[in-house]
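Just the heavy atoms: all of them, side chains too, but no hydrogens, waters or symmetry mates, feed the values below.
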Amino acid sequence: CYQLYGGMHVVNGEIRLGVYLVTLGLYMHYGKAFGKIYSLILSMIGCTPSLHRIIVLINLPTAFVARQELSEFRQQQTLMMRSEALKNIGLHAPWLDKIPIRIDCPRKECGAEVPKFVDIRQGQL
């Protein structure tokens with residue numbers, strides 16, 4: 001558009017040729033710059049669905065608290081079983097083999113508030 005407008009003014013003698021060429025060069029330079037900016041914006045817009053998916057996944061609730069409680073429960077049970085095994089057998093006997101294998105269901109889905117468990121003595125299966 002400026003090529004026609006500016007060219008007519010150069011022909012009529014209203015604008016010098018140098019001013020016209022410099023202005024035309026500036027328009028070309030800024031046009032290329034805005035084209036790059038536009039392509040960057042398009043690539044950023046293309047990333048938004050993936051970014052949205054990552055944000056949704058990061059904000060999902062976690063089970064870290066439940067896992068921590070379960071781990072602490074297991075540690076307490078193991079310490080209790082170890083102290084009982086050491087009382088009954090002594091320090092020099094293979095007390096580790098006397099600790100029972102405990103199969104438990106500490107969740108409420110098992111039908112009770114208190115964890116259900118079954119102890120199996122090693123060598124019984």
Exercise. With Gln77, which residues qualify under side-chain hydrogen bond (donor to acceptor under 3.5 Å, both in side chains), at least two apart?
Worked result: Arg102
For this session: Rounded to the nearest 0.5 Å, what's the gap from CE on Met8 to CD on Gln3? Could you check?
Result: 14.0 Å
For this session: Scan Val22, Ile15, Leu17, Leu21 and name whichever one has a side-chain contact (heavy atoms from CB on, under 4.5 Å) with Val19.
Result: Ile15
Problem set entry | Non-neighbouring partners of Ile41 that pass side chain to side chain contact (heavy atoms under 4.5 Å, CB included), sequence neighbours left out | Ile37, Ile45
Problem set entry | side-chain hydrogen bond (donor to acceptor under 3.5 Å, both in side chains) partners of residues 8-32, not counting sequence neighbours, each pair once | Tyr5-His9, His9-Glu14
Exercise. Which residues, ordered by chain and number, are linked to Ile58 in its hydrophobic cluster, where ILVMFWY side chains connect at heavy-atom gaps below 4.5 Å, directly or through other members?
Worked result: Ile54
Exercise. Side chain to side chain contact (heavy atoms under 4.5 Å, CB included) with Ile55: which residues, sequence neighbours excluded?
Worked result: Leu51, Asn59
Exercise. Which hydrophobic side chains are connected to Val11, either touching it within the sub-4.5 Å cutoff or through other members that do?
Worked result: none
Exercise. Side chain to side chain contact (heavy atoms under 4.5 Å, CB included) between Arg74 and Leu70: does it pass, once the steps are laid out?
Worked result: CA-CA 6 Å; Arg74 287 182 181 157; Leu70 182 60; 3.5 Å; yes
Problem set entry | Shared-cluster residues of Leu60, by chain and number - hydrophobic side chains joined below 4.5 Å | Leu57
Exercise. Sequence neighbours excluded, which residues qualify as side chain to side chain contact (heavy atoms under 4.5 Å, CB included) partners of Leu42?
Worked result: Tyr38
For this session: Determine whether more than 12 heavy atoms belonging to other residues, nucleotides or ligands lie under 6.0 Å from atom CE of Met80.
Result: yes
For this session: Determine which pairs satisfy side-chain hydrogen bond (donor to acceptor under 3.5 Å, both in side chains) with at least one residue from residues 60-71, sequence neighbours left out, and list them in order.
Result: Gln68-Glu72
